[in-house]
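Each chain gets a letter, A, B and so on, in the order its sequence line appears, and its residues count up from 1. Just so it is clear, the model here is predicted, and its values are computed rather than measured.
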Amino acid sequence: MDVREHLRNGLRAALAEAGIDPLPDDIALERPANRNHGDWSSNIALATAKKAGKNPRELGQALVDFLSVCPPAHVTGVEIAGPGFVNFRLVDTWLHEVMTDVLEQGVNGYASPDLGAGAHLNIEFVSANPNKPLHAGHGRGACFGDSIARLKERCGFRVTRETYINDRGVQMTNYAKSLAAAKADEPIPEDGYHGAYIHAWAGEMPADADPLEWGLQRGLDSHRATLEALDIHHEVWFSERSLVPTGAIDDAMDDLRAHKAVFEDDGAVWLRSTEFGDDKDRVLVKSDGDLTYLTPDIAYHRDKFSRSELLFNVWGADHHGYVTRMKAAMQLLGHDPNELEIAITQMVDFARGGEEVKMSGRSGDFIALDDVIAEVGADAARFTYLVQSVDSRQTFDLEEVAKQGMDNPVFYVQYAHARICSIFAKAAEAGVERSPLADVDASLLIHERELDLLRSLQELPDIVRVACVDNAPHRIAAWSREQAAALHGFYHDCYVMSDAIAPELTQARLALVAASQVGLQIALQLLGVSAPESM
RNA sequence: GCGCCCGUAGCUCAGCUGGAUAGAGCAUCUGACUACGGAUCAGAAGGUCGGGAGUUCGAAUCUCUCCGGGCGCGCCA
């Protein structure tokens with residue numbers, strides 16, 4: 001049981017004794033930044049005194065007096081400090097219980113809060129045009145979306161990974177023309193695509209192939225291969241084009257009309273998106289009869305809702321202006337706006353050794369995501385894309401990330417895992433057999449390095465929950481670095497096996513290291529980064 | 001002009017629903033191996049949290065305003 005429950009129960013009893021009624025719903029407990037303030041601290045006296053019309057310091061003292069007489073489990077001291085904080089000092093047994101929890105629950109059980117309760121969540125990400133390879137900028141949304149999927153899965157959602165293929169419209173026609181021109185050694189049309197890949201792909205194209213159909217498949221194959229190199233696998237590749245023959249677009253229009261969500265003006269059909277916060281109403285059917293981009297996308301989202309309770313989209317910052325109208329469209333169709341969550345990833349700049357690398361869309365001169373993976377490796381690419389909040393613009397220095405040293409946090413973390421494996425290998429070599437957990441005396445773990453490792457492991461469930469709720473995989477990356485630092489520090493100061501180490505302590509430390517391995521594996525799995533046994 | 005994101009150490013960035021003396025990595029300087037992989041560890045130095053005002057016991061965090069940067073504001077996709 002989480003030690004905080006013991007403390008909260010004690011605080012509730014103390015509050016009741018002090019005449020607080022009703023009791024607060026939530027009692028915050030935090031680990032003070034300053035160790036002198038104890039192991040756990042609560043601001044509950046400050047928070048409730050105001051409402052109860054009491055002096056915070058006096059209420060805090062009353063709580064302390066009560067808790068000193070009936071201390072919760074593990075507690076050795078309770079003090080009042082500052083304006084009214086209640087500080088708890090605990091014996092290390094509370095941390096030893098953390099180790100037991102981690103090992104008993106394992107990689108699949110520890111730090112897996114059930115937030116989703118089995119709800120079906122469709123996560124759409126990447127959704128790039130199939131007329132060109134994925135570029136370096138796509139990597140962020142791809143890694144972010146997949147890590148979100150991993151987080152939601154761990155937290156009890158049933159997840160479908162999906163990507164939308166923009167295979168309908170003029171850009172596909174221009175792409176086909178470009179392929180055909182390249183194949184015939186003719187100049188690429190002005191409105192075509194001029195990247196080097198066009199010529200490479202045209203060279204592969206059979207002479208009798210339909211450039212559009214062949215090109216579509218070639219583009220999809222390219223995307224699929226790139227994503228698989230990053231260990232990203234979409235269950236559904238949804239074709240925009242397919243919305244026409246299935247009647248999905250017509251159905252969506254009928255549905256919108258039935259909901260009085262559209263009107264006609266100037267020969268065009270408009271969506272009443274201003275009813276739900278949009279700046280202006282949006283055209284769905286142009287006066288020439290063509291559909292705007294929005295219309296099939298509405299039909300697509302409507303289709304997704306027919307297959308899933310909750311939708312999650314990952315869009316680049318260049319599409320953020322589109323969020324309001326899509327949410328408005330879904331609300332006009334009767335959906336709760338909270339059932340469609342849209343995460344925006346800010347742009348990525350690329351550099352080599354501090355020198356900015358220009359990416360120009362017009363000339364087709366961009367860094368392919370494949371090239372990033374080839375240059376830095378899939379693990380380093382994923383970790384780097386995820387190490388930073390997607391709310392901030394990112395600078396991705398290919399030269400820095402390609403380094404296989406301390407500059408590179410991904411190696412630091414992976415090396416911690418490899419070290420653990422190395423310790424186990426060494427133990428096996430020495431003929432040391434791991435005792436069952438029940439026979440391990442965890443109370444032997446009293447070194448500050450050992451306790452640091454356990455404090456960090458204790459935080460993981462909270463970190464996972466926050467990362468899931470806030471859509472923040474970078475919190476996992478940050479935790480993995482802390483756990484790795486704790487492991488390296490432990491490794492440096494605490495030998496697991498040695499003539500000077502008692503067999504019982506060896507067993508306790510092997511268990512501790514195993515717990516750390518569980519934590520690191522959970523974190524690396526959520527990031528989609530491998531946990532190597534050796535490097 | 002309007003909307004969204006950002007501004008924290010020399011550099012790259014964390015900082016959870018407001019908490020006590022604002023953190024990490026890199027870079028810089030100084031140290032640590034006759035034992036499990038030194039791809040490691042320890043210490044030092046480094047700050048008007050963009051500026052200002054407000055809310056309160058308490059603000060990097062919430063509100064307002066200004067400054068600076070990015071991205072959007074089509075009957076394009």
Looking at the base of [N], is there any donor atom on it, or on the side chain of [X], that sits under 3.5 Å from an acceptor on the other one?
X: A:T292; N: B:C75; result: no
X: A:N174; N: B:A77; result: no
X: A:D318; N: B:G72; result: no

For [X] and [N], what is the distance between atoms [atom1] and [atom2] respectively, to the nearest whole Å?
X: A:R419; N: B:C41; atom1: CZ; atom2: C1'; result: 9 Å
X: A:Y412; N: B:U12; atom1: OH; atom2: P; result: 22 Å
X: A:K280; N: B:G3; atom1: NZ; atom2: C1'; result: 11 Å

query = Under a 4.0 Å N-O cut-off, is there an ion pair linking A:D452 with A:R449?
reply = no
Donor-acceptor under 3.5 Å (A:H301 side chain, A:I298 main chain) = no
With a non-hydrogen cut-off below 4.0 angstrom, is [X] in contact with a base, only sugar-phosphate, or nothing?
X: A:A317; result: sugar-phosphate
X: A:D297; result: nothing
X: A:S392; result: sugar-phosphate
X: A:H488; result: sugar-phosphate
X: A:L487; result: nothing
X: A:S498; result: base
X: A:P56; result: nothing
X: A:A427; result: nothing
X: A:R475; result: sugar-phosphate
X: A:C421; result: nothing

message = In whole Å, measure the gap between the P atoms of B:G10 and B:U48 for me.
response = 7 Å
key: Residue A:R449, side-chain atoms from C-beta onward, closest of B:G19, B:C41, B:G38   = B:C41
